[in-house]
A.B. asks: 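Attaching a single structure in structure tokens format; questions to follow.
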Amino acid sequence: MEWYEALGLLLGTIVFLMAIGMPVALAFLAANIIGAWVFMGGERGVAQLLNNGLGSLTKFALVPIPLFLLMGEVFFHTGLGGRMFNAIDRLLGKLPGRLSYVTVLGGTGFSTLSGSSMGSTALLGSLMVPEMTQRGYKKHMSIGPILGTGGLAIIIPPSALAVLLATLAQIDVDALLIAGIIPGLILAGFYIATIWLQTRLDPSAAPAYEVPQQSLGAKLWLLMTDVVPMIGVMVVIVVMMINGVVTPSEAAAFGALGVIILAAVFRCLTWEAIRKSVTGALRVTLMAYLIVFGSATFSQILAFSGASRGLINWATAFELAPVAMLLVMFGVLLILGMFMEQISMMLLTVPIYFPLAASLGFDPIWFGLIMLLALEISFTTPPFGLLLFVMKGVSPSDTTMRDIYMSAIPFILCSLMLVGLLILFPPLATWLPGRG
């Protein structure tokens with residue numbers, strides 16, 4: 001069987017099973033079993049494939065995923081996230097468009113910990129859009145920043161999705177997490193500049209309103225009690241990773257413990273919050289482990305059938321410049337993001353993309369960061385980006401899809417500008433991990 005026939009059989013099976021409603025992880029598992037039966041010698045091939053897949057679940061690199069998820073769940077269910085949102089809101093005072101800034105600053109903190117762009121978009125949309133609508137904000141000032149926070153959440157550590165990508169691609173988890181710090185700060189600056197520019201060009205887009213006056217002492221107290229402790233947990237674990245004091249797994253454990261201690265100190269750590277946090281983290285962790293299992297076995301089938309090597313040889317035969325090939329891969333991810341969820345896209349593309357990137361001479365950490373940004377941008381790309389429809393579901397009834405599209409475009413452009421900077425200046429992603 002030719003490589004393209006093998007690839008067509010595997011991908012066609014996956015697409016068919018997903019089209020009839022089978023969950024993504026199970027669709028990949030079923031396709032892998034069929035592939036093992038065809039290409040690896042029937043029953044013995046299936047047994048060997050399953051043994052190899054189970055071995056992929058014992059990697060120590062997977063430990064940060066449930067711990068980072070537990071951090072986010074505790075942060076949300078205990079109300080620590082709400083305290084941080086309210087504190088940032090009060091600290092910004094009468095700043096024009098301050099609720100948009102609150103969405104970017106507070107929303108990034110929450111969605112970074114939660115690891116779910118769709119979940120954080122739904123939460124922020126339900127929490128912030130009604131408040132901003134009541135205050136007279138125009139739709140692009142309320143919807144745009146919410147859609148934009150995902151780009152920050154996915155690259156600034158701690159990011160469960162970055163850990164999962166690094167594990168699937170078999171690259172250094174620590175390096176990929178650290179690589180996102182400088183680009184994440186640049187993207188945050190782009191977002192803040194975008195909101196500032198929007199309020200300058202159209203002051204009526206975010207009308208001023210009276211807010212209670214806060215003395216300097218009150219602001220300092222609010223900052224030290226409701227903002228610094230929450231942000232401090234993330235800062236401490238990132239600094240520890242950068243300096244090599246802890247591994248990503250140990251950093252995740254310290255982070256989860258830190259959030260739990262904070263919740264206990266603030267007297268909001270209830271048994272109900274613990275139950276919901278553990279249940280939520282367990283649910284997503286099980287899904288992530290199924291994804292890892294499916295990806296590991298899918299990679300083996302691609303390699304054993306010759307599809308991986310055939311596809312790489314075919315792609316490189318076009319003799320495109322490496323940057324041109326990168327843009328093609330980036331475009332494919334944008335298209336896939338209109339129809340698939342991020343983890344599903346990773347499962348489908350990582351076994352193909354990373355060997356191709358290696359053949360083109362790309363730094364794996366740099367390429368991993370580019371791929372993370374492509375995954376997030378694809379989620380908000382008109383007309384079918386999934387986050388656009390999530391936002392439609394939680395927005396006021398008079399919000400049209402055109403409103404949402406137009407709100408998303410400035411923040412998509414910010415992320416594309418960051419991708420351009422990373423292509424022009426790769427050390428933005430590679431310098432900080434190289435210091436370790």
A.B. asks: Rounded to the nearest 0.5 Å, what separates atom OG1 in Thr270 from atom CZ in Arg275?
C.D. replies: 9.5 Å

A.B. asks: So how far is it from Ile261 CD1 to Phe254 CZ, rounded to the nearest 0.5 Å?
C.D. replies: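 Atom-to-atom, Ile261:CD1 and Phe254:CZ are 10.0 Å apart.
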
A.B. asks: Any idea which heavy atoms bring Pro322 and Phe362 closest together, and the distance?
C.D. replies: O-CZ, 3.2 Å

A.B. asks: Considering non-hydrogen atoms only, spot the tightest contact between Leu17 and Ala31 and give its length.
C.D. replies: CD1-N, 4.4 Å

A.B. asks: Look up atom CE in Met346 and atom CG in Leu333, then write down how far apart they are to the nearest 0.5 Å.
C.D. replies: 11.0 Å

A.B. asks: Any non-hydrogen side-chain atom of Val233 less than 4.5 Å from a side-chain atom of Met71?
C.D. replies: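 Yes. Closest side-chain heavy atoms under 4.5 Å.
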
A.B. asks: Do Tyr137 side-chain atoms and Ser100 backbone N/O form a donor-acceptor pair below 3.5 Å?
C.D. replies: no

A.B. asks: Check whether any side-chain heavy atom of Leu369 sits under 4.5 Å from a side-chain heavy atom of Pro183, and report yes or no.
C.D. replies: yes

A.B. asks: Determine, stepwise, if the pair Asp226 / Phe266 fulfils side chain to side chain contact (heavy atoms under 4.5 Å, CB included).
C.D. replies: CA-CA 10 Å; Asp226 287 0; Phe266 284 106; 4.1 Å; yes

A.B. asks: Looking only at non-hydrogen atoms, find the nearest pair between Ala273 and Cys268 and report the distance.
C.D. replies: CB-O, 4.4 Å

A.B. asks: List the steps, then state whether side chain to side chain contact (heavy atoms under 4.5 Å, CB included) holds for Met329 with Ile370.
C.D. replies: CA-CA 10 Å; Met329 291 190 283; Ile370 294 282; over 6 Å; no

A.B. asks: Is there side-chain contact between Met401 and Lys392, with heavy atoms separated by less than 4.5 Å?
C.D. replies: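 Of all side-chain heavy-atom pairs linking Lys392 with Met401, at least one is under 4.5 Å.
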
A.B. asks: Output yes when a side-chain donor or acceptor of Tyr191 lies under 3.5 Å from a complementary backbone atom of Val104, and no otherwise.
C.D. replies: no

A.B. asks: Ignoring hydrogens, what is the shortest heavy-atom contact between Thr167 and Val163? Give both atom names and the distance.
C.D. replies: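 For Thr167 versus Val163, the nearest heavy atoms are OG1-O, 2.8 Å.
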
A.B. asks: Once rounded to the nearest 0.5 Å, what's the spacing between atom OG1 of Thr430 and atom CD1 of Ile365?
C.D. replies: 10.0 Å

A.B. asks: Does some side-chain heavy atom of Val332 sit less than 4.5 Å from a side-chain heavy atom of Tyr353?
C.D. replies: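 Touching, per the 4.5 Å side-chain cut-off.
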
A.B. asks: Check whether any side-chain heavy atom of Ile195 lies under 4.5 Å from a side-chain heavy atom of Pro145, and answer yes or no.
C.D. replies: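 Heavy-atom side-chain distance check passes, below 4.5 Å.
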
A.B. asks: Can you check whether Ile377 reaches Phe330 side chain to side chain, under 4.5 Å on heavy atoms?
C.D. replies: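 They are in side-chain contact.
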
A.B. asks: Considering non-hydrogen atoms only, spot the tightest contact between Leu10 and Gly35 and give its length.
C.D. replies: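 Minimum heavy-atom contact is CD2-CA, 3.9 Å.
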
A.B. asks: Got a donor-acceptor contact below 3.5 angstrom from the Thr279 side chain to the Lys276 backbone?
C.D. replies: no

A.B. asks: Please find the pair of heavy atoms, one from Pro364 and one from Phe354, that lie closest to each other, and give the distance.
C.D. replies: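 Closest heavy-atom pair between Pro364 and Phe354: O-CE2, 3.8 Å.
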
A.B. asks: With a 4.5 Å cut-off on side-chain heavy atoms, are Leu422 and Phe367 touching?
C.D. replies: no

A.B. asks: Please determine whether side chain to side chain contact (heavy atoms under 4.5 Å, CB included) holds for the pair Lys139 and Asp398, giving the CA-CA distance in whole Å, both sets of side-chain angles, and the decisive distance to 0.1 Å.
C.D. replies: CA-CA 10 Å; Lys139 289 185 172 63; Asp398 63 340; 3.5 Å; yes

A.B. asks: Run the side chain to side chain contact (heavy atoms under 4.5 Å, CB included) test on Met132 and Met141 for me, step by step, so that the C-alpha distance in whole Å, both residues' side-chain angles and the decisive distance to 0.1 Å come before the verdict.
C.D. replies: CA-CA 8 Å; Met132 287 192 267; Met141 295 297 296; 5.7 Å; no

A.B. asks: Can you find a heavy atom in the side chain of Ser415 that is under 4.5 Å from one in the side chain of Glu376?
C.D. replies: no

A.B. asks: So, taking the atom named OG in Ser407 and the one named NZ in Lys138, what distance separates them when rounded to the nearest 0.5 Å?
C.D. replies: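 Nearest 0.5 Å value for the OG-NZ distance: 12.0 Å.
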
A.B. asks: Measure the spacing between CG of Leu185 and CG of Leu428 and express it to the nearest 0.5 Å.
C.D. replies: 11.0 Å

